[in-house]
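Here the structure is laid out as structure tokens; the discussion comes afterwards.
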2 protein chains.
Amino acid sequence: MNTNYKAYELPGVTVDLVIFTVSEGLLKALLVKRAEEPFAGSWSIPGGFLKAGESLDEAAVRVMHDKTGVKEVYLEQLYTFGDPDRDPRARVITITYFALIPWKNLMQPASSKVADVAWFPVDGLPTLAFDHKKIMNYAIARLRAKASYSNIVYGLMPEKFRLSDLQKMYEIIINKPLDKRNFRKRMLATGLLQETGSRDIAGAHRPAMLYKFKKLKLTVLD
Amino acid sequence: MNTNYKAYELPGVTVDLVIFTVSEGLLKALLVKRAEEPFAGSWSIPGGFLKAGESLDEAAVRVMHDKTGVKEVYLEQLYTFGDPDRDPRARVITITYFALIPWKNLMQPASSKVADVAWFPVDGLPTLAFDHKKIMNYAIARLRAKASYSNIVYGLMPEKFRLSDLQKMYEIIINKPLDKRNFRKRMLATGLLQETGSRDIAGAHRPAMLYKFKKLKLTVLD
DNA sequence: CCAAAAGTGTTATTGATACACCCATGC
DNA sequence: GCATGGGTGTATCAATAACACTTTTGG
């Protein structure tokens, strides 16, 4: 990369992702530890330079796959950041995306081409490199806003699940408790849920009906 | 610009704008006629390459000012388009914005550094160069969605106006009629409007109260 | 007195919220 | 029989949508 600034110097173009998942009852984001300067040793959100012949969405999927091994996910363009001094080395603009992937799809431990990759609960994030704190906040706000009125949460559920599991998932993401009766009413009213015949085999309580989604249609754009 | 594709070739980065205004009862967008290939003679949305040291927002304001003479406007980043073949010459990604400016602020006729600049009603647009049709559609959808629940329309009004003028402005933008009584109720309920003492001096009918905005606070981000 | 736009309230519908008790099971 | 989570219905409130007539002015 080039540090001379000419009038129309071509900036570097990266695609950076805020990748969310839910595990252990917490909303978590994937971070990578930087090996090189600047910000060596700091955590940052995963990303990479845009390659020739690759669309922005494809680049996002590639970065996603490199870091998590997962390809099929909810993925949405977030915002493009390009302040002239956001990278101290050279002009770099970044198209950011956010993704939401099911914990169970991840090959544990996290794929390790990049040695230091880790999931952090979003309310316990370390200091982030570059302007990644800003990007992260933006992504969290968008995810929470979107979760309330769309069905992006669906992709996170296992094939069969209890309504209480689904409610828990919503509560973790939007970070507030929901009323059980109202929740069930609303969910069933969507017509997207279908009873499976079976019930869970859990512990010392009444077994719950297991549901599945009628047609798992992920919203791709807003 | 460079037509060789290497693995990490730096793409060109432009900032393109869909600039809206309202005049003669119509929602219009500003287009420029391309002088050069590709798409010579076609209409396109205004834009320009990002300059060194300039933020994305600053570039948008610059393009805006170059084409319209106007600087203070509602401006919002829309989406970033970067399909590999969207420009036949070379890889160019574009960060798009949409703007909404008051017709009265424009120096008529439209500034003519670029000879062929014209306003087109959005329901009578010509064929557009590149992927600009897609960008335009996206911008129109976003503008309409946003107009319904935000106050971006305010910046389009003159200092004093009748409530019926304000209603007409909304109707033009969202492209559907509104109920007069419900509209007035809602508007007055916001608390943002203030009666001026004066009334309009119009024609053969009961003179209307003129209103102004209490504090003209433009929404800058969502 | 006619044309033209200003101005004004009430009702119905819908969607969102608040809220408490009984049920089926394993131990 | 008790602890655990599953499962259910109703009343209230707020926001939205539908809807028609009288008023003031100029010509």
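Lettering of chains follows the sequences in order, A, B, ..., and the numbering in each one begins at 1.
Put simply, the residue from Phe213(B), Tyr211(B), Tyr154(B) that forms a ring pair (Phe, Tyr, Trp, His ring centres under 6.0 Å) with Phe161(B) is Phe213(B).
The residue among Arg162(A) and Ala204(B) whose nearest nucleotide of DNA chain D lies closer to the 5′ end is Arg162(A). The residue among Asp165(B) and His205(A) whose nearest nucleotide of DNA chain C is located toward the 5' end is Asp165(B).
Between atom CD1 of residue Ile135(A) and atom CD1 of residue Ile45(A) there is a gap of 4.5 Å, rounded to the nearest 0.5 Å. Note: Leu100(A) CG to Ile152(A) CD1 = 5.5 Å, rounded to the nearest 0.5 Å.
Qualifying side-chain hydrogen bond (donor to acceptor under 3.5 Å, both in side chains) partners for Ser164(A), counting only residues two or more places apart in sequence or in other chains: none. Residues passing the side chain to side chain contact (heavy atoms under 4.5 Å, CB included) test with Ala59(B) are Val15(B), Leu50(B), Glu54(B), Arg62(B), sequence neighbours excluded.
Of all nucleotides in DNA chain C having an atom under 4.0 Å from a heavy atom of chain A, the first and last in 5' to 3' order are dT17(C) to dG26(C). In summary, contact between chain B and DNA chain D, defined as any nucleotide atom under 4.0 Å from a heavy atom of the protein, begins and ends at dA17(D) to dG26(D) in the 5' to 3' direction.
Here the side chain of Lys214(A) pairs a donor or acceptor atom with the backbone of Gly191(A) at under 3.5 angstrom.
For Phe39(A) and Phe130(A), the distance between ring centers is under 6.0 angstrom. Taking the six-membered ring for Trp and the full ring otherwise, Phe98(B) and Tyr74(B) have centroids separated by under 6.0 Å.
Within residues 170-188 of chain B, the residues having any heavy atom under 4.0 Å from DNA chain D are, by residue number, Asp179(B), Arg181(B), Asn182(B), Lys185(B).
Annotation: side chain to side chain donor-acceptor pair (under 3.5 Å) contacts involving residues 199-208 of chain A, sequence neighbours excluded, comprise Arg162(A)-Asp200(A).
Salt bridge absent: Glu195(B) and Lys212(B) never bring a charged side-chain N and a carboxylate O closer than 4.0 Å.
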